[in-house]
Amino acid sequence: MKRIGILTSGGDCQALNAAMRGVVKGLANSGDELEIFGFYDGYKGLIYGNYRSLAAQDFSGILTMGGTILGTSRQPYKLMRVPDRDGLDKVEAMKHTYYKLNLDCLVILGGNGTQKTANLLREEGLNVIFLPKTIDNDIYGTDITFGFQSALNIATNTIDCIHTTAASHNRVFIVEIMGHKVGWLPLHAGIAGGADIILIPEIPYDIDKVVEAIDNRTEREKGFTILAVAEGAISQEKAMLTKKEFKIFKSQVGYPSVSYEVADQIAQKTGREVRVTVPGHMQRGGSPCAYDRVLCTQLGAAAAQAIEDKDYGNMIAMIDGQTARVPLGEVAGKLKTIDPNCQLIQEAKKVGICFGD
Ligand code: F6P
């Protein structure tokens, strides 16, 4: 008999259900009797003992379903050691639920913050297995996270749609793509959508270089320009500010996001019409793409095998096309950012894409 807890935490993405299905199907096929406890709304369910006993069949028929059947919430890692409003010690509460249910293992699906808490629980002595999800693809120690390819399809499709209207009107268009700290999604969507300019957090931009790229296109009688701008794109001047100074600056400016500021600057410097499109949370919605379904089936099956082997404390990663067990202690708290000199950026520059540097 195996007693498994499972939860999804942090921002949702496509394929969370597909990954849970993979884990449960893998375990169910091992022949062992199985008891599954699904915690609602991420760590919140584990803290406050809000869970449901689920059967393997409950994870059937969810391969193509977006969102998460367990619900999710953001429970910041930095507040985990801070008691809640009623003075409850959250870490002790999570351990209490785990031991009360006599779990063999807790399967945790999430992004960077979730991973840090998973590692904290491991350090506290719980058996955990972590699966890397996020549309941002910024989890260190795995080549790819699930959700990324599905979101990439949506972001690319958005740029495709904008392309036709931008061309008809000879406008400059900015498509703002998710990614606060890292630019994997805007970089890939920008290239796939044929954007002319891509601005990502890893390469602070000079607005004059951006304007120069637009002017060059105008000179070549290209009437429109598409910019793929990361949520976290930052100018070279602002990249010099300390975190505190940047926060003060952000609270003073009246733009809803960086794209609107860039749009204003371009309009002022070129006299061109500029429009901004923000697909926002659409990028995390809908069904997982085929790639993510396959990825999650593999990661889920590999997680089930790790549980069978009692090899806990690992993230189930994808490295060079193979699933792998990566010790959480080696990766938690690290971020996978883009090297500005990597081959992909160099090749994108070679075909004329401007990064504002
Ligand atoms: O981490 C995934 C992500 O979608 C980021 O790309 C984005 O910046 C953030 O979550 C949005 O968070 P929320 O859903 O809390 O608005």
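None of these values were measured; they are calculated from a predicted model. First listed ligand is number 1; within each ligand, the first listed atom is number 1.
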Inset, instruction - Please work out whether any backbone atom (N, CA, C, O) or any side-chain heavy atom from C-beta onward of Leu185 is under 4.0 Å from ligand 1, and answer side chain, backbone, both or neither. - result: neither
Legend entry - Ring-face cation contact, Phe37 with Arg3, 6.0 Å cut, 45° max: no
Inset, instruction - Examine the side chains of Tyr77 and Asn112 and answer whether a donor and an acceptor come within less than 3.5 Å of each other. - result: no
Inset, instruction - Please determine if Arg284 and Asp12 form a salt bridge, counting it only when a charged side-chain N lies under 4.0 Å from a carboxylate O. - result: yes
Inset, instruction - Determine, for Asp89 against Arg81, whether the closest basic-nitrogen to carboxylate-oxygen distance falls under 4.0 angstrom. - result: no
Inset, instruction - Report yes or no: does a heavy atom of Gln283 sit under 4.0 Å from some atom of ligand 1? - result: no
Inset, instruction - Go through Ser257 and Glu176 one step at a time and tell me if the side-chain hydrogen bond (donor to acceptor under 3.5 Å, both in side chains) criterion holds. - result: CA-CA 9 Å; Ser257 69; Glu176 183 175 289; 2.6 Å; yes
Legend entry - Protein contact of atom 12 (O) of ligand 1 - nearest heavy atom, named by residue and atom, plus distance: Arg74 NH2, 2.9 Å
Inset, instruction - Considering heavy atoms of the protein only, find what lies nearest to atom 11 (C) of ligand 1 and give residue, atom and distance to 0.1 Å. - result: Arg284 NH1, 3.6 Å
Legend entry - Lys181, His281, Glu231: member with heavy atom nearest to atom 8 (O) of ligand 1: Glu231
Legend entry - Ligand-residue contact atoms, ligand 1 with Gly179, heavy atoms, under 4.0 Å: 6 (O)
Legend entry - Subset of ligand 1 atoms that lie under 4.0 Å from at least one heavy atom of His180: 8 (O)
Inset, instruction - Any side chain to side chain donor-acceptor pair (under 3.5 Å) involving residues 346-357? Give me the pairs, sequence neighbours left out, ordered by first then second residue. - result: Lys349-Asp357
Inset, instruction - Report yes or no: does Gly111 have a heavy atom closer than 4.0 Å to ligand 1? - result: no
Legend entry - Selection from Asp138, Ile177, Asp136 by shortest heavy-atom distance to atom 5 (C) of ligand 1: Asp136
Inset, instruction - Determine, for Arg217 against Glu212, whether the closest basic-nitrogen to carboxylate-oxygen distance falls under 4.0 angstrom. - result: no
